[in-house]
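Note that the structure is predicted; figures quoted are calculated from it, not measured. Every heavy atom of this structure was used, including side-chain atoms; hydrogens, water molecules and symmetry mates were not.
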Amino acid sequence: AGRVAEINGKHNPLLGEPELDVRIPGLVVSGHLRATTDAREAVAEADVVVLIVPVDIDSGHRPDFTALDAATGAITPHLKSGALVIVETTVPVGTTRGRVGAQIAAAVGDARAGEIMLAFSPERVSSGSVLRDLATYPKIVGGVDARSTAAAAEFYRQVLDAEIMPLANAETAEFSKLAETTYRDVNIALANEFARIADGMGGVDALPPLEAANSQPHSHIHAPGVGVGGHCIPVYPHFLPTEAGGLIGTARGINDGMAPYAIKRLERVLGSWSGTTVLVFGLAYRPGVKESRHSSAFGLADALTRAGAKVYVHDPLYSDAEIRALGLEPPSSFPMPADALVVQAWHEQYAALDLAGWPGGLRAILDGRAALDPAAVAAMGIAYVGIGR
């Protein structure tokens with residue numbers, strides 16, 4: 001209800017998204033945009049209904065369909081004949097037809113369900129650049145039948161400037177998004193493996209050779225770091241039916257293991273964790289975006305706590321109450337005395353910090369995102385710890 005009131009009051013509820021501040025007020029005033037918590041009000045006259053609620057994973061890495069099932073159940077009784085339902089939520093292959101479609105048919109009957117078109121079109125946007133990405137990346141579409149594919153493709157042609165890319169069916173479109181996201185996860189794991197190899201060599205910095213390798217157009221190695229966060233990359237590889245020990249599962253294990261690995265590297269510099277205070281920079285999974293889902297900050301805090309350190313997490317995008325609500329402890333003051341700093345997300349607000357004058361005898365900085373100059377940190381008399389650096 002609070003989010004609905006913001007939108008209808010001509011306010012942007014997503015402050016990290018450029019252009020929304022400008023667009024939302026005009027769209028609300030002109031009557032082109034209206035928010036509601038009433039599913040019947042929203043759906044009864046709608047020609048197109050787009051579902052984009054999250055499907056996450058549970059503690060056993062199994063898909064959690066709670067939100068998608070609830071959303072499908074909320075819209076189904078109110079769908080009019082000839083309506084087009086599009087699932088944009090990333091899902092395991094077969095979900096659009098076998099779960100959403102089956103739920104609609106069970107609720108309205110097979111005959112009426114045949115009057116409702118159903119398609120899958122994956123969202124391919126990143127937090128902080130949604131409108132730009134919508135206008136740039138081809139919009140993939142696949143329906144449960146040819147009529148649904150054509151209707152969904154025509155809808156997106158009317159509302160987007162990007163290329164529309166119809167595929168054979170919903171399952172093909174679902175698979176395309178999982179392949180796209182899993183590629184990135186495996187690529188990051190490869191970069192992390194290169195970084196760990198460089199760490200073992202001693203005196204070899206992994207970043208220059210990776211940058212040099214990427215000067216060849218067929219090489220596109222991503223950046224190593226202390227883990228992979230967000231609502232996409234750490235989640236969607238688990239939607240594929242992969243075998244234990246296979247490439248995809250191994251990559252997930254490498255990326256999930258980077259936070260403990262980084263803390264071990266920091267431990268070699270600090271020695272005993274007894275009485276040690278560590279401040280983590282960045283709850284958000286990446287700079288400038290207020291999104292904490294699956295952030296590496298949680299893995300780092302957990303590894304540090306298990307080691308015996310006292311851990312605090314700071315983020316200029318979050319209030320102290322918001323940080324505590326996520327099970328982490330904000331610093332009582334900032335800057336605060338600390339033995340070590342850990343860079344998880346280097347927000348632009350951190351650029352002006354005086355690391356040389358940090359209170360409390362700062363001994364080491366773990367730079368988990370290659371945000372700092374190692375030589376400059378060392379010149380301050382602070383030990384620099386990097387990933388592959």
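- For the pair Thr72 and Ile104, the minimum side-chain heavy-atom distance is below 4.5 Å.
- A cation-pi contact links Arg196 to Tyr261, judged by a cut-off of 6.0 Å to the six-membered ring centre and 45° from its axis.
- Cation-pi geometry between Lys177 and Tyr236 is not met at under 6.0 angstrom from the ring centre and within 45 degrees of the axis.
- Side chain to side chain, Thr36 and Asp38 fail the donor-acceptor criterion of an N or O pair below 3.5 Å.
- Between the side chain of Arg124 and the backbone N or O of Pro138 there is at least one donor-acceptor pair closer than 3.5 Å.
- Expressed to the nearest 0.5 Å, how far CG of Asp339 lies from CZ of Arg363 amounts to 4.5 Å.
- A side-chain donor-acceptor contact under 3.5 Å links Glu291 to the backbone of Arg293.
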Next item on the list: With side chain to side chain contact (heavy atoms under 4.5 Å, CB included) as the test, would you mind laying out the steps for Leu366 and Leu341 before giving the verdict?
Entry: CA-CA 6 Å; Leu366 168 59; Leu341 307 178; over 6 Å; no
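- Because its NZ or CZ atom is not both nearer than 6.0 Å to the ring centre of Tyr137 and within 45° of the ring axis, Lys139 does not count as a cation-pi partner of that residue.
- Under the 3.5 Å distance criterion, the side-chain polar atoms of Arg369 are left unmatched by any main-chain donor or acceptor of Ala345.
- Note on Val43 and Val100: same hydrophobic cluster, where clusters join Ile, Leu, Val, Met, Phe, Trp and Tyr whose side-chain heavy atoms are under 4.5 Å apart, directly or indirectly.
- Within a 6.0 Å radius of CZ in Arg157, other residues, nucleotides and ligands contribute more than 12 heavy atoms.
- Side-chain contact of Asn169 with Thr172: a donor-acceptor pair under 3.5 Å is present, judged by distance alone.
- Taking the side chain as every heavy atom from C-beta outward, His11 and Ile24 never approach each other to under 4.5 Å.
- Other residues, nucleotides and ligands place more than 12 heavy atoms under 6.0 Å from the OH atom of Tyr350.
- Ring-plane geometry between His222 and Tyr183 is classed as perpendicular, the angle between the planes exceeding 60 degrees on a 0 to 90 degree scale with a lower cut at 30.
- A salt bridge links Asp47 with Lys80: the closest approach of a Lys/Arg side-chain nitrogen to an acidic carboxylate oxygen falls below 4.0 angstrom.
- In summary, the side chains of Asp302 and Thr305 do not present any donor paired with an acceptor at a separation below 3.5 Å, with no hydrogens or angles considered.
- Rounded to the nearest 0.5 Å, atoms CD (Glu329) and NE2 (His314) are 13.0 Å apart.
- Shown here is Arg147, whose CZ atom has more than 12 heavy atoms of other residues, nucleotides or ligands within 6.0 Å.
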Check: Which is it for Ser272 and Leu270 under the side chain to side chain contact (heavy atoms under 4.5 Å, CB included) test, yes or no, and what are the steps along the way?
Finding: CA-CA 6 Å; Ser272 171; Leu270 295 177; over 6 Å; no
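- Arg23 CZ to Asp21 CG: the interatomic distance, rounded to the nearest 0.5 Å, is 12.0 Å.
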Check: Given the rule in the side chain to side chain contact (heavy atoms under 4.5 Å, CB included) test, do Val313 and Phe281 qualify, once you have shown the distances and angles that lead to the verdict?
Finding: CA-CA 6 Å; Val313 177; Phe281 283 6; over 6 Å; no
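- Following chains of ILVMFWY side-chain contacts shorter than 4.5 Å, one can reach Leu20 starting from Leu134, so the two form part of one hydrophobic cluster.
- Atom CG of Leu355 sits about 6.5 Å away from atom CG of Leu372, to the nearest 0.5 Å.
- Atoms CG and CD, on Leu328 and Glu322 in that order, are 12.5 Å from each other to the nearest 0.5 Å.
- Neither side chain, Asn187 nor His220, offers a donor N or O lying under 3.5 Å from an acceptor on the other.
- Side-chain contact between Phe120 and Val85 is absent, with no heavy-atom pair separated by less than 4.5 Å.
- Of all heavy-atom pairs between Val269 and Ala383, the closest is CG1-CB, 3.5 Å.
- The backbone N or O of Ser292 lies less than 3.5 Å from a partner atom in the side chain of Tyr318, making a donor-acceptor pair.
- One finds no salt bridge joining Glu17 and Lys290 here, because no Lys/Arg side-chain nitrogen approaches an Asp/Glu carboxylate oxygen to under 4.0 Å.
- Proximity of Leu207 to Pro224: side-chain heavy atoms (C-beta onward) are separated by under 4.5 Å at one or more points.
- Counting heavy atoms from C-beta outward, Trp358 and Leu353 have side chains that approach closer than 4.5 Å.
- At least one donor-acceptor pair closer than 3.5 Å links the side chain of Gln344 to the backbone N or O of Ala284.
- Side-chain atoms of Thr149 come within 3.5 Å of backbone atoms of Gly143 as a donor-acceptor pair (strictly under, hydrogens ignored).
- When atom types are taken as modelled, the side chain of Thr89 and the backbone of Pro54 share no donor-acceptor pair closer than 3.5 angstrom.
- The NE2 atom of His294 sits 13.5 Å away from the CG atom of Asn255 when rounded to the nearest 0.5 Å.
- Thr136 places no side-chain N or O within donor-acceptor distance of the main-chain N or O of Asp133, the cut-off being under 3.5 Å.
- Between Glu88 and the choices Ile52, Val53, Val125, the side-chain contact (heavy atoms from CB on, under 4.5 Å) rule is met once, by Ile52.
- For the pair Ser148 (side chain) and Val144 (backbone), a donor-acceptor distance under 3.5 Å is absent.
- Using a distance-only test at 3.5 Å, with no hydrogens or angles considered, no donor-acceptor pair links the side chain of Ser215 to the main chain of Glu211.
- Salt bridge status for Glu41 with Arg34: present, with a side-chain N to carboxylate O gap under 4.0 Å.
- By the 6.0 Å contact criterion, CD on Gln216 is enclosed, its count of non-hydrogen atoms from other residues, nucleotides or ligands being greater than 12.
- Contact detail for Arg324 and Pro330: the closest heavy-atom pair is CG-CD, 3.5 Å.
- At a threshold of 4.5 Å between side-chain heavy atoms, the hydrophobic network of Ile, Leu, Val, Met, Phe, Trp and Tyr places Leu131 and Val159 in one connected group.
- Between Val55 and Thr90 there is no side-chain heavy-atom pair separated by less than 4.5 Å.
- Contact between Pro234 and Val228 at its shortest, heavy atoms only, is CG-O, 3.3 Å.
- A salt bridge does not link Asp199 to Arg389: none of the charged side-chain nitrogens sits closer than 4.0 Å to a carboxylate oxygen.
- Looking only at atom types and distance, the side chain of Gln103 has no donor-acceptor partner in the side chain of Thr76 under 3.5 Å away.
- Residues Phe239 and Val93 share a hydrophobic cluster, clusters being chains of Ile/Leu/Val/Met/Phe/Trp/Tyr side chains in contact below 4.5 Å.
- At least one side-chain heavy atom of Leu68 sits less than 4.5 Å from a side-chain heavy atom of Thr95.
- Comment: Arg132 does not engage Glu19 in a salt bridge, judged by the lack of any side-chain N to carboxylate O separation of less than 4.0 angstrom.
- Looking at Leu118 and Thr96, their side chains come closer than 4.5 Å, going by heavy atoms from C-beta outward.
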Next item on the list: Would you check, one step at a time, whether the test side chain to side chain contact (heavy atoms under 4.5 Å, CB included) holds for Tyr384 with Asp367?
Entry: CA-CA 7 Å; Tyr384 178 93; Asp367 183 5; 2.8 Å; yes
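- Nearest heavy-atom pair across Gly282 and Ala297 is O-CB, 3.5 Å.
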